[in-house]
Amino acid sequence: SQQGEEDPQALSIQEGENATMNCSYKTSINNLQWYRQNSGRGLVHLILIRSNEREKHSGRLRVTLDTSKKSSSLLITASRAADTASYFCATDADSWGKLQFGAGTQVVVTP
Amino acid sequence: EAGVAQSPRYKIIEKRQSVAFWCNPISGHATLYWYQQILGQGPKLLIQFQNNGVVDDSQLPKDRFSAERLKGVDSTLKIQPAKLEDSAVYLCASSLVAGQTGQPQHFGDGTRLSIL
């Protein structure tokens with residue numbers, strides 16, 4: 001079963017706009033990670049936020065975590081066509097680093 | 001550093017045939033993962049190795065799937081016999097440290113398996 005569920009399933013925006021996607025999960029976690037997957041390629045790690053953190057930034061990415069609501073959000077600012085990809089949240093809830101992935105949000109950025 | 005290498009990139013077989021996938025993780029990475037990704041879904045963990053020992057294979061269909069990681073380096077995942085529902089992308093990933101949370105995983109580009 002998949003722990004994280006992303007919302008929306010798909011998102012279409014224009015270059016320069018911001019893209020926001022959300023992830024909800026069910027159990028307590030050690031940390032939550034976001035990954036990007038371009039069509040036909042493997043997943044690429046974007047950012048990790050630990051359970052005792054509330055917000056984290058990396059370049060144009062901003063991630064928030066609300067453990068009381070068991071939810072996280074990923075914001076991509078000033079989107080570019082190259083940001084077109086599927087984005088997955090993954091929860092790390094055990095002691096071995098096992099990740100459980102959601103179904104992903106498909107983002108299309110048009111020039 | 002070189003990334004995670006997987007081969008083949010594509011494989012087409014008929015149901016009931018067997019198939020094998022190979023993965024070479026990033027040099028020095030202790031942990032290796034095999035995932036199955038069905039179209040439109042997120043990756044599902046099949047098996048996790050730390051060095052050459054199995055940490056988690058709870059979602060591996062052991063009647064048809066097997067995996068090994070000899071000498072704690074590269075790994076092979078086998079399906080025998082294949083079923084139509086095995087059509088998916090098989091992703092290999094690795095992470096640096098064994099037995100620790102908070103490790104980013106590094107993925108290969110996967111093997112796309114089609115069952116006819």
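Order of the sequence lines fixes the chain letters, A, B, ..., with proteins taken first and strands second; residue numbering starts at 1 for each chain.
Atom CG of B/L39 is surrounded by 12 or fewer heavy atoms from other residues, nucleotides or ligands within 6.0 Å. Other residues, nucleotides and ligands contribute only 12 or fewer heavy atoms inside 6.0 Å of the CZ atom of B/R16. Within 6.0 Å of CG on A/L75 lie more than 12 heavy atoms contributed by other residues, nucleotides or ligands. Annotation for A/R60: atom CZ counts as buried by contact number, over 12 foreign heavy atoms lying within 6.0 Å. Taking a 6.0 Å sphere around CD of A/Q9, one finds it holds 12 or fewer heavy atoms contributed by other residues, nucleotides or ligands. Within 6.0 Å of the NZ atom in A/K69, the count of heavy atoms belonging to other residues, nucleotides or ligands does not exceed 12.
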Criterion side-chain contact (heavy atoms from CB on, under 4.5 Å) on A/K98 and B/S58, from CA distance to verdict: CA-CA 12 Å; A/K98 172 182 174 180; B/S58 57; 4.1 Å; yes
side-chain contact (heavy atoms from CB on, under 4.5 Å) between B/Q105 and A/Y35, intermediate numbers included: CA-CA 9 Å; B/Q105 294 184 15; A/Y35 287 79; 3.6 Å; yes
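Looking at heavy atoms from C-beta onward, A/F88 lies out of side-chain contact with B/Q41 at the 4.5 angstrom threshold. Within the 4.5 Å cutoff, side-chain heavy atoms of B/T101 are placed close to those of A/N31.
Along residues 106-116 of chain B, the residues that come nearer than 4.5 angstrom to chain A, judged on non-hydrogen atoms, are B/F107, B/G108, B/D109, B/R112 in order of number.
Closest non-hydrogen pair, A/R50 versus B/G102, comes out as NH1-CA, 3.9 Å.
Contact count versus chain B (heavy atoms, under 4.5 Å) is highest, among A/I47, A/D94, A/L99, A/L32, for A/L99. Per-residue heavy-atom pair counts under 4.5 Å with chain B were compared for A/A90, A/G40, A/G97, and the maximum is reached by A/G97.
When hydrophobic clusters are built by joining Ile, Leu, Val, Met, Phe, Trp and Tyr residues whose side-chain heavy atoms come closer than 4.5 Å, directly or via intermediates, B/L60 is not grouped with B/V89. A single hydrophobic cluster is not seen to contain both B/I26 and B/F49; linkage of ILVMFWY side chains at heavy-atom distances under 4.5 Å, directly or through other members, places them apart. Under a hydrophobic-cluster definition in which Ile, Leu, Val, Met, Phe, Trp and Tyr are linked whenever side-chain heavy atoms come within less than 4.5 Å, directly or via other members, B/Y90 and B/V4 are assigned to different clusters. B/L45 and B/I47 are assigned to two separate hydrophobic clusters, defined by single-linkage of ILVMFWY side chains at heavy-atom distances under 4.5 Å. In this structure, A/L61 is a member of the same hydrophobic cluster as A/L65, with clusters built from ILVMFWY side-chain heavy atoms closer than 4.5 Å.
With a threshold of 4.5 angstrom between heavy atoms, B/Q48 approaches chain A through side-chain atoms but not through N, CA, C or O. Contacts of A/L43 with chain B are made by both backbone and side-chain atoms, with heavy-atom separations under 4.5 Å.
Atom CD of B/Q59 and atom CD of A/Q100 lie 7.0 Å apart (nearest 0.5 Å).
For A/Q37 and B/Q37, the side-chain atoms include at least one donor-acceptor pair closer than 3.5 Å.
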